[in-house]
Amino acid sequence: MTVQNDYLNMDLLRFTTAGSVDDGKSTLIGRLFHDTKTIFEDQLEAIEKSSKQRGDEHVNLALLTDGLRAEREQGITIDVAYRYFATPKRKFIIADTPGHIQYTRNMVTGASTANLALILVDARNGVVEQTKRHTFIADLLGIKHVAVCINKMDLVEYKEEAYQKVLTQYTEFASRLENVTDLNFIPISALKGDNIVDRSDNMPWYKGPPLLYHLENVYVGSDSNHVDSRFPVQWVIRPHSDEYHDFRGFSGRVAGGVFKVGDEVTILPSGFSTKIKKILKGNEEIDEAFHPLSVTFLLEDEIDVSRGDMIVKPNNQPKVSQDIEAFICWFSGTKKLNKGGKFIFRHTTKEAQAIVSNIRYKVDVNSLRKLEDVEGFDMNDIGRVSLRVSQPIFHDTYRRNRNTGSFILVDPFTNETLAAGMLR
Amino acid sequence: MHNYNLNHLEQLESEAIFILRETAAQFERPGLLFSGGKDSIVMAYLAAKAFAPAKIPFPFIHIDTGHNFEETIAYRDSFIKKYGIQLIVGLVQDSIDQGTAVEETGPNASRNALQSVTLLETIEKESLDACLGGGRRDEEKARAKERFFSHRDAFGQWDPKNQRPELWNLFNGKKGPGENFRIFPLSNWTEMDVWQYAKNEAIELPNLYFSHKREIVERNGSLLAVSEFVTPRPNESPRVETVRFRTIGDATCTGAILSNATNLHDVISEVAASRVTERGSRADDRRSEAAMEDRKKQGYF
């Protein structure tokens with residue numbers, strides 16, 4: 001593999017993995033690591049030793065991914081783990097989430113930063129309730145690309161019927177999805193390595209690419225919003241030095257669209273307009289900035305701008321409101337979400353207070369049915385609520401822009417993160 | 001039509017700068033843990049970029065075991081001078097003298113674990129509410145579930161079962177009295193990303209990272225540099241080898257590797273071909289399978 005110059009052409013794919021217990025997720029990740037030469041000798045030695053101590057008959061690849069001692073003792077994964085591997089084409093970040101029903105919050109967390117969801121289905125069992133739940137969460141979190149891996153094909157004699165059955169079952173309910181636009185089905189055996197890196201000779205009826213090829217080539221460049229220009233101000237740079245006496249730079253990460261030097265911009269909430277004089281990336285001047293670059297803007301006019309303000313284009317402004325509608329996923333196991341509940345509200349670089357003004361409905365994540373007339377949300381509940389925020393929020397719908405359409409709720413007493421929200 | 005795609009290094013850089021600025025904005029008194037190792041150097045370089053042309057708006061903290069490579073200290077001092085940074089040094093020796101840390105005895109004694117004590121004492125003495133660290137999730141299994149914003153209780157402890165979920169780019173740095181955070185801007189970087197970024201940005205690194213001749217002894221599978229802190233035992237025969245370091249920490253537990261890589265180009269080729277992780281040469285991780293997890297719970301970096 002060429003590593004010297006080609007790495008400047010590599011891009012990044014973030015994906016999340018979901019599967020029911022025993023669908024072979026750890027084996028699949030172990031297989032991807034093994035076949036891309038990501039496992040090192042000292043790691044292999046360490047898990048060989050542990051496998052022996054545990055009395056496992058063979059080297060247990062799942063030990064490679066089960067990180068914490070508490071988890072190893074219980075034999076389950078209790079939290080999202082982030083894992084990394086690379087090929088000459090792409091660097092991959094995996095948000096590896098456990099499949100148990102009580103860990104909906106983990107899948108929501110893992111999916112929040114992912115471009116693609118890899119959903120495992122056991123070829124012997126076909127689509128089960130958890131498959132639908134995982135798909136629903138991926139869709140809710142705005143993931144456009146879903147790769148359904150029909151695993152353990154070796155246990156159904158590599159027969160096309162098992163694959164076709166999953167495809168039919170899955171396509172039936174996938175028609176209801178809002179965001180998923182790119183759906184692929186790949187028959188694999190993680191244990192034996194079929195259709196992981198190379199096309200499998202055991203399944204000549206499958207004409208699509210193997211999994212790794214798909215992960216390397218799936219096009220995610222158009223997933224970012226390059227239309228609606230949004231720049232939440234994160235930090236104001238004032239050097240207080242003689243050399244930069246009047247310097248005022250507004251730093252942040254472009255949350256959407258494109259900004260160019262000379263562009264006319266409006267500052268929210270003040271409503272003042274000015275032009276972009278310079279764009280800095282570190283000390284270097286650049287002509288334009290787009291999502292997700294971290295940059296610093298210098299403006300033509302001296303305007304008071306601070307953290308929590310948003311720089312936008314005058315002819316394309318976000319929604320500005322104190323009353324918002326959202327889907328939320330409730331994370332807390334000790335506290336309930338109730339009507340009238342008060343929380344700290346964190347959105348882009350802004351912090352405010354929010355009150356739950358209405359609970360509209362809860363979604364049963366297994367049947368995908370709406371449950372109306374609910375009193376409150378418990379841990380892992382997902383549903384629609386209305387919130388009243390203490391100050392106007394500059395936002396877009398989550399569907400249009402993940403960065404300006406997402407928020408979290410924080411407990412004002414314990415400081416815990418209680419919920420994830422997606423604006424409608 | 002414009003190409004609005006960033007390569008993986010540009011995306012990692014942008015993310016790390018966002019975290020660094022978020023730390024400055026959400027905390028009253030953050031500090032950057034600077035060990036002179038490559039990860040903390042890259043993090044410091046990114047901090048300089050994040051706040052340019054202003055100075056980095058927080059001090060650097062060096063938890064000093066006293067068992068240093070002299071090259072590391074020289075590098076540290078020239079870096080803070082160049083960027084006009086305030087340096088706070090926490091000495092492990094002070095903790096030992098006060099009796100809050102007890103020096104290990106025995107054949108493999110190291111001050112590595114004692115750094116946790118000195119770090120917690122420095123955090124308290126300087127009233128730091130957040131410490132930026134160069135830790136990466138790919139380093140070790142116990143780090144794979146670490147957060148960007150890692151909450152520590154009033155005892156400086158990490159509770160792996162009670163960490164806050166992190167969604168999108170929304171980081172919750174709220175805390176109670178006496179609590180603080182460890183923040184890891186390089187969480188999503190791998191060892192290879194660090195080397196590639198250093199090469200691409202022409203970041204100067206201590207020459208310990210490049211091939212040189214050095215007197216070493218082989219001990220428990222690690223090649224340790226002979227110094228006033230590591231002296232050969234009767235059964236060991238020191239020899240001169242052409243080596244470099246993949247990680248740099250306390251001189252008593254940082255192993256060298258045999259290498260002819262004299263520049264970043266060669267280092268990248270070597271790391272790509274390597275079949276052993278960088279921590280494979282760290283004696284501190286070899287003690288037990290859960291060694292890192294235990295040290296983290298006690299307040300390690």
Notebook entry, point to check: Between B:E22 and chain A, which part of the residue has a heavy atom less than 4.5 Å away: side chain, backbone, both or neither?
Noted result: both
Item checked: Between B:E13, B:E179, B:K175, B:K55, the one whose heavy-atom pairs under 4.5 Å with chain A are most numerous -> B:K175
Checklist line | A:I408, part contacting chain B, at a heavy-atom distance under 4.5 Å | finding: both
Checklist line | Under 4.5 Å from any heavy atom of chain A - which part of B:A16 | finding: neither
Check: Looking only at heavy atoms, which two atoms of A:F407 and B:L170 are closest? And how far apart?
Finding: CA-CD1, 3.5 Å
Check: Highest number of heavy-atom pairs under 4.5 Å with chain A: which of B:F51, B:W189, B:F171?
Finding: B:F51
Notebook entry, point to check: Quick one: does B:N7's side chain have a donor or acceptor within less than 3.5 Å of a partner on A:L8's backbone?
Noted result: yes
Checklist line | Side-chain donor/acceptor of A:S112 to backbone N/O of B:W168, under 3.5 Å | finding: yes
Item checked: Donor-acceptor under 3.5 Å (A:T417 side chain, B:R164 main chain) -> no
Notebook entry, point to check: By a 4.5 Å heavy-atom criterion (distance strictly below it), what part of B:L12 contacts chain A: side chain, backbone, both, or neither?
Noted result: side chain
Checklist line | Among the listed options B:N200, B:L9, B:N172, B:N169, the residue most often paired with chain A at heavy-atom distances under 4.5 Å | finding: B:N172
Check: Do B:F18 and A:W235 have ring centres separated by under 6.0 Å?
Finding: no
Check: For A:I344, is it the side chain, the backbone, both or neither that has a heavy atom under 4.5 Å from a heavy atom of chain B?
Finding: side chain
Notebook entry, point to check: Which heavy-atom pair separates B:A54 from A:P239 by the least distance, and what is that distance?
Noted result: CB-CA, 3.6 Å
Check: What part of A:E284 is in contact with chain B, defined as an atom under 4.5 angstrom from a non-hydrogen atom: side chain, backbone, both or neither?
Finding: neither
Notebook entry, point to check: What distance separates B:K145 NZ from A:Y82 OH, expressed to the nearest 0.5 Å?
Noted result: 11.5 Å
Check: Hey, which of A:R14, A:H347, A:E243 has the most heavy atom pairs under 4.5 Å with chain B?
Finding: A:R14
Margin query: Is A:R346 in contact with chain B via its backbone, its side chain, both, or neither, using a 4.5 Å heavy-atom distance?
Written below: both
Check: Who among B:A144, B:P165, B:A52, B:P53 has the most heavy-atom pairs with chain A under 4.5 Å?
Finding: B:P53
Margin query: Is there a side-chain contact (heavy atoms from CB on, under 4.5 Å) between A:F290 and B:N5? Walk through the geometry before answering.
Written below: CA-CA 9 Å; A:F290 50 90; B:N5 291 326; over 6 Å; no
Margin query: One pair to check against ring pair (Phe, Tyr, Trp, His ring centres under 6.0 Å): A:Y7 and B:W195. What are the steps and the verdict?
Written below: CA-CA 11 Å; A:Y7 68 78; B:W195 291 121; over 10 Å; no
Item checked: Contacting moiety of B:E15, where chain A heavy atoms sit under 4.5 Å -> both
Next item on the list: Run the salt-bridge test on A:E416 and B:K174 with the 4.0 Å N-O cut-off and return the result as yes or no.
Entry: no
